[in-house]
Amino acid sequence: MKPVPIRYLRATTVDEAVTALARYGLDAKVLAGGQSLMPMLNMRLARPQVVVDINEIRDLMEIRYDPNARQLVVGALVRHQQLLESSLVHAHQPLLSAAARYIGHWAIRNRGTIGGSVVHHDPSAEWPLVTACLGAEFHVQGPQGRRVIPAADFFVTYLTTAVQAGELLTAVVIPCLGPGESWGFQEYARRHGDFALAAAAVTVTLSDGVVTAARIAVGGVADRPVVLSEVTQHVVGQAPTAQLEVQLGQWVYDAVNPLAESPDEQAYKRDIAAVLVRRAFRQAINRQPAGQ
Amino acid sequence: MRLQGQEQIEAPIQTVFTSLTDPRVLSKTLPGLQSLEPTDANTYRARLSVGIAAVRGAFDGMLILRELEPPTAYALYMTARGAGGVVEVTLRVHLAEDANSVTRIEYTGEAALSGVWAALGSRMASGVAQTLIRQFFTALRQEVRSLASAATS
Amino acid sequence: MVDASNLVGQSVRRKEDVRLLTGHGQFVDDISLPGMLYAAVLRSPYPHARIRSVDVSGALRLDGVEAVITGDDAQQLGKPMAVTLDLFTKVPTIYPLAVNKVRYVGEPVAAVAATSREVAEDAVELIVVDYEPLPPIVSIEDAEQPTSLLYEEWGHNRQLDWQFQVGDVGSALAGADVVISEDFPHHRYTGVPLESRVCLADYRPGQGALTVWMSTQAPHQCRTLFAQSLGLPEHQITVIAPDVGGGFGTKLQINAELIPVLLSIKSGRPVKWTEDRYENLVSGVHTRDYVCHLEVGFRRDGTMTGVKASLVGNLGCDGTCDAAGTAALLVAAAYLPGPYHVPAFGVDVVGYVTNKAPYGAYRGYGKDIANYPMERLMEMAAEKLHIDPLELRRRNVIQPDEYPYQQISGPLYDSGDYPAMIAKAREVLDYENFRRQQDETRREGKYLGIGFAAMLEPSGAAVPNGIFNGYEPATVRMTPEGQFLVFTGNQDIGQGIETTLAQVAASQFGVSVDDVRVVFGDTNAVPYGLGSFSSRGATYAVSAVHRASVQLANKLKRIAANILEASAADLVFTQGAVEVAGVPSRRLTLQELGNKVYLWPGPYGTVPPGDDPDLQATETFMGPRVRWQPDEQGRINLYTTHPTGIYAAIVEVDPELGDVRLRRFVVIHDAGVIINPLIAEAQVVGGVVQGMGGALWEELRYDEEGQFLSGDLTSYLLPTAPEIPDVEVYHFVSPSPFTPLGTKGMGEGGTIPTPAAILNAVNDALRPLNVFLNDLPITPQKVRAALRQAGH
Ligand SMILES: Cc1cc2nc3c(=O)[nH]c(=O)nc-3n(C[C@H](O)[C@H](O)[C@H](O)COP(=O)(O)OP(=O)(O)OC[C@H]3O[C@@H](n4cnc5c(N)ncnc54)[C@H](O)[C@@H]3O)c2cc1C
């Protein structure tokens, strides 16, 4: 398991990286944390001619809180563990901290980056799910300049995103938790640290005992994270009763259409998508401040 | 790995069917195609260089169109060999035209991977396959459009 | 039992750990030779195909490529692969690189030696093979139809076919009050050593000598197999196994290891092959993969009337040359009656070849196959008979005063006390209380289950016709400076023999384990012994080392007595010296003794008449009760010792997700006299974890077309620490009457009963939901499918 012959380039600025990427196009790959790319190189599934290492680009390493826009600006090179431990993240979008805990193991989280995860786009991965759920924006720079891609357009299909050859993802901008908004995150994997069989991210805003807004997304059941907006519409305006939870499970069950290798697998993914959303919803409700 | 999908092309069924089975059109629309040489009736030798997401590779293979029932159905069989193994694709394709002269294409089939790809790559393979199919139809749509405009001009 | 001084039985810290844990171990991959080349292997993408042609010209043109070999070279430079083991089997004629056809995905077709592994892998991609695919034989059903044949010359796909019966099973079942009958399928899984197979071959054409460094459990047998597979004189071959990073049975043959050897012969340079994880999973040996149909008759009181079984194994492409697994099915057949009184017994065994990877050995070697169906069936019977599962076992087990016990199927059991272990299990589990708790938590929607399996671990095999024979020599030597060397053919593969064998020897000489060095893994240095398999260490190697140590100790005493002008009978070894008991002033340190014999003054005058100055002794242990000559009922006995146990798993099932959590795992274990409790417990726990892996996660999957789907450790799921509860181990000691120290080999016990215990626990948990699972591994998807079918 050794890669094909590869030229290794190291960029220290975004411009340098973009120049190199533009020059080699499809033949170049960005190297971030390497936790997905390196195995693919070693197994010769990825066979680029050039690897552009972005690990020394300081501008991509920061998490910033923008109080006016109420959003977190997360540099593409921010490591999973950094997000897990960040007090800014914990204070403003704790759903991220909760999800980060489920990514692989400590060693992987120390190297792997949010940018690498979303661009790699394994549809079972946590960051695609959470960023899709929260409606994040993706900042990309390429030979034609910069552009911003909304989450709804970013994840195309397995291992494919709207980022084009020659482009570099520079930051992920994530809305913060709003007032009255609470969250739930549930994931089920075969073993600790494995990619999810399925996962659910939920946010709920309650007012006067009624759901006024919600976001519901499921990962691991399709070729990209699935944002269940229609299900959300059923939920809004309702009181979060036990009965609603049961209904919610059914709605999710009906709404997802998992890609699977066998009818059993498909039925299984449906089952657990429903269960995980229900449990995440309950978690979110339980997190509401008392009195709601 | 199951392959399944639907596409629409705004052209009459006969045009679409002809394009789908015409090597000159295929050589412009198959993603990454580098050469397509006929070796027999409806049988071609194909060389492809495919690059999707992180996956890139050169393939050498055969493309066979059979069970042709113009203009409503045909089957496509393709094998491609690369460094990591062999991909074998079998697709049944059905066409139907609606009242607005839009042709709906439905395909179902299997892609079988072998060797290292089967053991290591199946997680990404379905993504790669879906993306390639999408690219193909995007290119085909364009090609049909330009054929149509060439015919009218 | 002989009086061993107090080192036997102590949890001495492992001597080897300082080296291994500080990164100073030396594995084959750490060794480099001048001019060394690196090998890479081209493997078949097809499960079954004829090879029309192989074109290596592209590879040969690549810079850095020094040699390329194909099946043709394998035929010209070598011979068909030697047989590892042949008991009632058909043996195919095969080579380490495919000749004419490929038989499984991952089979080596060609190989390259180049100046780096990278270049070698580049070159492999340039080899063009023209295949004509043949219909794949994947399942047992495929193999039964002779429409496609793995070995055309056989005319069928049966590699093994054997029947055995004692007593009238038909009437025994007919006369039973209840007969339980079920098919128990078991999936394919295997041992996954941290260190994959690695082999460095250095063929010196000048001397006609071959030196092979390899990661193996059995260096001597490998030397012989190399000689036979290459047609080289054996005395010109040296096999060296340095530190070995785990074996679990998977390193008990040569197959791919012949490839670097052939490349070295062809290139005249040393060639190293380091197997990568994909190669190890796709072509390292596989095991299990069988269906056992079992019928057991019971009287209403729960006692058995008879056992009838039919065992069908899916052997992959071969289990006789490519690997040594076929006989596992025979071991299974002999041990199906397990620890129970079985008045009548009959079994049919068939092994089919299919287009899957070779069938080899893995912790258990058939004892697991004997255990799984029977222990699953016992819990089904308990339910049917309305008898508690522990009680049902208690009513059938062999009683402590019946040992040595002649089992109906041939084996002679040495010792044990199942009733006491069952009682202990009840106590440790607080069993009655657990049942109450189980009822209560079910009402809260929480599904707890408990499952049991009795364990019987035949250890120390002596199998005729092959590399798994039963004898073991050891040489113990004292140096002129008064330290000791133990030379053993046993192989350290991580199981701790550097410490345990040192404990056994040190005990005889009154020295610490640090004064004893265990030498192993070099066929030029140690006597022809049989390495590590079948948990034979504490049966064979320990006994041989003990006897050789006793013999040497006696010689040292005679010489010391001569020097000290005392009687040898009055001398004792203590604290690095030999002295007249009770008279510490009349003593010689072992250093003084060694010096006197060898140097100052030397042997004349110090060594008494009738003795010589060669301060070493060699003893060879043979199993005293092994019997290959069939008795009047055709029965033989291969194993010398038999650890026993009662295992219990407590699981919690989340019916909504299909999740199975292991909550408690209790092992009541008896392996006779324990040399080192720390090491023994680690053996049990390690084995249990591998059994848990097989029960819940690990699976070598093939699709219907014979494509292999588990080529990395994200698809072949090994258990990791967070999944594993503390394994609670309780030891009993029933000394074996058949070994000098009362010890019993005990490396496999943990793996054998664990899958049955866990699946029994899951079925116990889900019983109120009317769900019965019968498939391994127990995946969440399967649990949900069963629940869905039952309407949940
Ligand atoms: C054992 C193991 C377990 C794991 N478990 C999980 C898990 O449970 N959940 C999970 O989500 N992930 C898991 N991962 C994957 C891990 O999170 C990776 O870190 C992540 O998928 C990729 O991030 P990276 O920084 O390592 O990217 P790399 O591997 O360096 O790159 C991945 C891909 O993204 C591209 N890329 C990277 N950065 C950029 C950029 N800024 N702009 C454009 N393209 C870019 C690369 O070219 C490459 O194609 C696991 C990995 C391992 C090895």
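Throughout, protein chains are lettered first and strands after them, A, B, ... in sequence-line order, and every chain is numbered starting at 1. In what follows, every heavy atom counts, from backbone to side chain, and hydrogens, waters and symmetry copies are set aside. For clarity, every value in this text was computed on a predicted model and none was experimentally measured.
- Neither the backbone nor the side chain of C:E279 has a heavy atom closer than 4.5 Å to any heavy atom of chain A.
- The minimum heavy-atom distance linking C:D122 with A:V4 is given by the pair OD1-CA, 4.3 Å.
- Using a distance-only test at 3.5 Å, with no hydrogens or angles considered, no donor-acceptor pair links the side chain of A:Y268 to the main chain of C:K782.
- Contact of C:D703 with chain A is not made at all, since no heavy-atom distance falls under 4.5 Å.
- Side-chain contact check for A:K2 versus C:S116: every heavy-atom pair is 4.5 Å or farther apart.
- The two residues C:E118 and A:R44 come nearest to each other via the heavy atoms O-NH2, 3.5 Å.
- For chain A, the nearby parts of C:E656 are the backbone and the side chain; heavy atoms of each come within less than 4.5 Å.
- Along residues 243-256 of chain A, no residue comes nearer than 4.5 angstrom to chain C, judged on non-hydrogen atoms.
- Near-neighbour residues of residues 182-191 of chain A relative to chain C, defined by a heavy atom under 4.5 Å from a heavy atom of that chain, comprise A:Y188, A:R190, A:R191.
- Of the inter-residue distances, the one linking C:L657 atom CG with A:D271 atom CG reads 9.5 Å to the nearest 0.5 angstrom.
- Within the 4.5 angstrom heavy-atom criterion, no atom of C:I724 approaches chain A.
- Of the inter-residue distances, the one linking C:Y278 atom OH with A:N42 atom CG reads 15.5 Å to the nearest 0.5 angstrom.
- Proximity to chain A (any heavy atom under 4.5 Å) is shown, for C:D659, by both the backbone and the side chain.
- Contact tally against chain A (heavy-atom pairs below 4.5 Å) for C:D654, C:T274, C:V660, C:L696: the top residue is C:D654.
- Salt-bridge annotation for C:R784 and A:E265: absent, with no side-chain N of the basic residue lying under 4.0 Å from a carboxylate O of the acidic one.
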